[in-house]
Every structure is written in structure tokens, then in C-alpha cells.
Amino acid sequence: MTSRFLPPKEFVASPEALDRAHSLDESLAYTRWLATGYYENFHVVTFLLPRRLHQDFFNVYAFCRWADDLGDELGDPNESLRLLAWWRAELDALYAGRATHPVFVALGPTIERHHLPIEPFADLIHAFVQDQTVTRYRDVDELVGYCRYSANPVGRLVLYLCGYSDPERQRLSDSTCTALQLANFWQDVIVDLEKDRVYLPLDVLARHGYTLEELSARRFTPAFRGAMREVVGRARGLFHEGLPLARMVDRRLSIDLELFSRGGLKVLDKIERQGYDVLSRRPYITKAERVRLLVATLARAAFQRAA
């Protein structure tokens, strides 16, 4: 594997990779590899989106993947903070016309083509910096404020790439993205706890009479069930608030958006069906269920188009 095809953790440990100049063609190949060859996350998205947008999505994804890995994969918060500051400096260099890192070399034409502002990228970095220093949230408003940096910028970038920049679509996208982030938190309570992160708002836990000590002991009680029921309901409401966005965009993007929302709602349904006990078993969507969601969404789109 050459230096240009190193994943983030190995890349930043390689002086050769960091010092090397990267051509545009090499950089585009690198972001494409990250999206489809190394992490293998983009199969459904690229199937639904127009081919002309594939590379742009790869480039934006590569930025997000790098920021995520710098924040979560190094095992050292101080090193993560140092490298996230470097990543932010590289972002500023890109917008000043001095891109050198392959992700930013690839991202440059995408930013020009779609008039992407710096704020969504900077907000994502802010979220990963916050992850290094904040591990508890006092209330739902504080948690939703975190989602404004960690989740909502992704939806806004998708809208920009697809030609939408108006406030109303962005508002609906924010609701959907915050809901997706919350659903992920409620699905991964134990995964996050192992990283010493608790996203269940402390005031919700206190209101239901559940303590952090009980959570650390993974003790499932009626109080925990009540707290989970409350936060799942909050996420469900945000999903329904954002669903109208799917009727306000291009048909292909509409299918993608509805898939994400229906998938998130499915996770919430599974949490509810297992009695809100996410401490002994992580709810997840099976491959067969994903296929059924896709078929149902495609059928719904076809029916609406015919109507």
C-alpha cells in the first residue's frame, strides 16, 4: 500500500505521506478509496445518487471520515486535539487556496463547483474537539446543541451538493440529522459508556430517579426504562418533523432521505420492542430489514410519482 492509500491513523504517523505533494488525480483516487474501498460505506448512497455527484460525495465523506478518525481512533485525547487543530488549519489553508493534503486537494473543486461554505466543515471539527473535553450533557437542549455541530452540518452539505441552500430545507434537514444522531446515541448507550461518554441527558436520568452509578453498573430498572422512553420519544418527534423534506427535493435524493429517516425510526421501534433495555442488548437493523426498507421506500416513491 502506497502512502497515498493510508487510512488516517497510519497517514498521520507517516512523515513520507504528510510531506508528499499530491496531484488532483491522486487525491481523487484517495478519497474514492476511503469511501468505497477501505470503509465501504457508500454502496447504497452511490446507487441512488446521480453518477455526476459520486466523486463530490466521496470528497466530502473523506473529510468527515478523517475528522472522525482523528477524534476517535487515536486513543489519546491530547493527540486528538493537536491533530484536529492541524486539520482545522488545513481547512483554512484550503479556503485560502493553499491545499496540500490529498483530501483537501480533492475537496477544492467540489467546494468551487457547489459553492460550499466553510462553516459546515468547521462545525464538524468543533464537534470532534468537543468530544475530547465534554463527556456528559446536562439536559436535552445541551445535547441538541452538540448535534448542531456533530450531525446537522452533514445534512446541510448533502443539500448543498444537490443544489439546495434555502433556510426551510436546512431547518428540516437539521431535524432529521439531529434525530439520526440521537437514535444512534440511544442505540449505542453501552458502546459510548465504554468510551466514558454518556449522551443520556443528566436531568432526564435524574427526573426518572436513575443514577450514573447504576448506568456504569449497567443496571436496567423501571427508572431507566422511563428515561429511555422519554428520549426515544424526543428523537421520534424530530424524525417526523423532518420527514416533509423528502417531498421537497429531487426524487433520488428523496429516496435517500426517506431511507435514512425510516432506518432511524426502525432503530427506535426496535428499542421500544425490547422494552427499552439497551444495556443488555444493542438493537440493530438486519440486512434483510434494510432491503425491506429500501423496497418499501422505492415502492412509495413510485406510487407518489404515478399519482
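Scope of the values below: all heavy atoms of this structure, side chains included, with no hydrogens, waters or symmetry mates.
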So, D174 versus Q170: side-chain donor-acceptor pair below 3.5 Å or not? no

Quick check: does any side chain N or O of E142 sit under 3.5 Å from a backbone N or O of R138, one acting as donor and the other as acceptor? yes

Is the shortest heavy-atom distance from the side chain of R252 to the side chain of P50 under 4.5 Å? yes

Sub-4.5 Å side-chain heavy-atom contact between L200 and Y210: no

Is V134 reachable from L205 through a run of I, L, V, M, F, W or Y residues, each pair having side-chain heavy atoms under 4.5 Å apart? yes

hydrophobic_cluster_shared for L107 and V105, side chain cutoff 4.5 Å: no

Tell me, do N184 and L180 make a side-chain contact under 4.5 Å, heavy atoms counted? no

Are L265 and Y284 grouped together when hydrophobic residues (ILVMFWY) are joined by side-chain heavy atoms under 4.5 angstrom apart? no

Centroid-to-centroid, W87 to F121, below 6.0 Å? no

For L28, does its backbone N or O pair with a side-chain atom of T31 as donor and acceptor, under 3.5 Å? yes

Residue pair V103 / Y30: nearest heavy atoms and the distance that separates them: CG2-CE2, 3.8 Å

Using modelled atom types and a 3.5 Å cut-off, is there a donor and acceptor pairing between side-chain atoms of D139 and backbone atoms of D203? no

At what distance, to the nearest 0.5 angstrom, does CG of L182 lie from CZ of R234? 8.0 Å

Show, in sequence, the C-alpha distance, side-chain angles and deciding distance for R282 and D188, and conclude whether the salt bridge (Lys or Arg N to Asp or Glu O under 4.0 Å) test is met. CA-CA 7 Å; R282 179 185 183 273; D188 283 340; 2.5 Å; yes

Taking NZ, NE, NH1 and NH2 as the nitrogens, is one of them in E194 or R218 under 4.0 Å from a carboxylate oxygen of the other? yes

Close side-chain approach of W186 and P283, heavy atoms under 4.5 Å: no

Any side-chain to backbone donor/acceptor pair from R169 onto M248? Under 3.5 Å, distance only. yes

Do the ring planes of F58 and H54 sit parallel (below 30°), tilted (30 to 60°) or perpendicular (above 60°)? tilted

Measuring from R247:CZ to L257:CG, what's the distance to the nearest 0.5 Å? 12.0 Å

One should read off an interatomic distance between Q132 CD and L70 CG, to the nearest 0.5 angstrom, of 9.5 Å

Quick one: closest heavy-atom pair of G71 and R197, and the distance? O-NH2, 4.3 Å

Are the charged groups of R136 and D196 less than 4.0 angstrom apart, N to O? yes

CD of E258 to CG of D256, rounded to nearest 0.5 Å, is 11.0 Å

Got a donor-acceptor contact below 3.5 angstrom from the Q274 side chain to the R281 backbone? yes

What I want to find out is whether K195 reaches D131 closely enough, with some N-O distance under 4.0 Å, to be called a salt bridge. no

Could you tell me whether the side chain of Y95 reaches within less than 4.5 Å of the side chain of L116, counting heavy atoms only? yes

Hydrophobic clusters here meaning ILVMFWY residues chained together by side-chain heavy-atom distances under 4.5 Å, can you tell me if Y149 and V60 are in one? no

When you check the gap from the basic side-chain N to the acidic O, do R207 and E230 get nearer than 4.0 Å? yes

Strictly by modelled atom types, are E214 and T221 linked by a side-chain donor-acceptor pair under 3.5 Å? no

Report yes if some heavy atom in the side chain of F57 is under 4.5 Å from a heavy atom in the side chain of C162; otherwise report no. yes

Measuring only between side-chain heavy atoms, which start at C-beta, is F63 closer than 4.5 Å to L157? no

State whether a side-chain donor-acceptor pair under 3.5 Å links Q55 with T110. no

Should the pair D269-R236 be classified as a salt bridge under the 4.0 Å nitrogen-to-oxygen rule? yes

Can you label the angle between the F11 ring and the W66 ring as parallel, tilted or perpendicular, going by 30° and 60°? perpendicular

Spatial distance of atom OG (S27) from atom CZ (F104) [nearest 0.5 Å]: 11.5 Å

Separation between OG1 of T211 and CG of L202, rounded to the nearest 0.5 Å: 11.0 Å

R273, CZ: over 12 other non-hydrogen atoms inside 6.0 angstrom: yes

May I ask you to test the I190-V278 pair for a side-chain heavy-atom distance under 4.5 Å? no

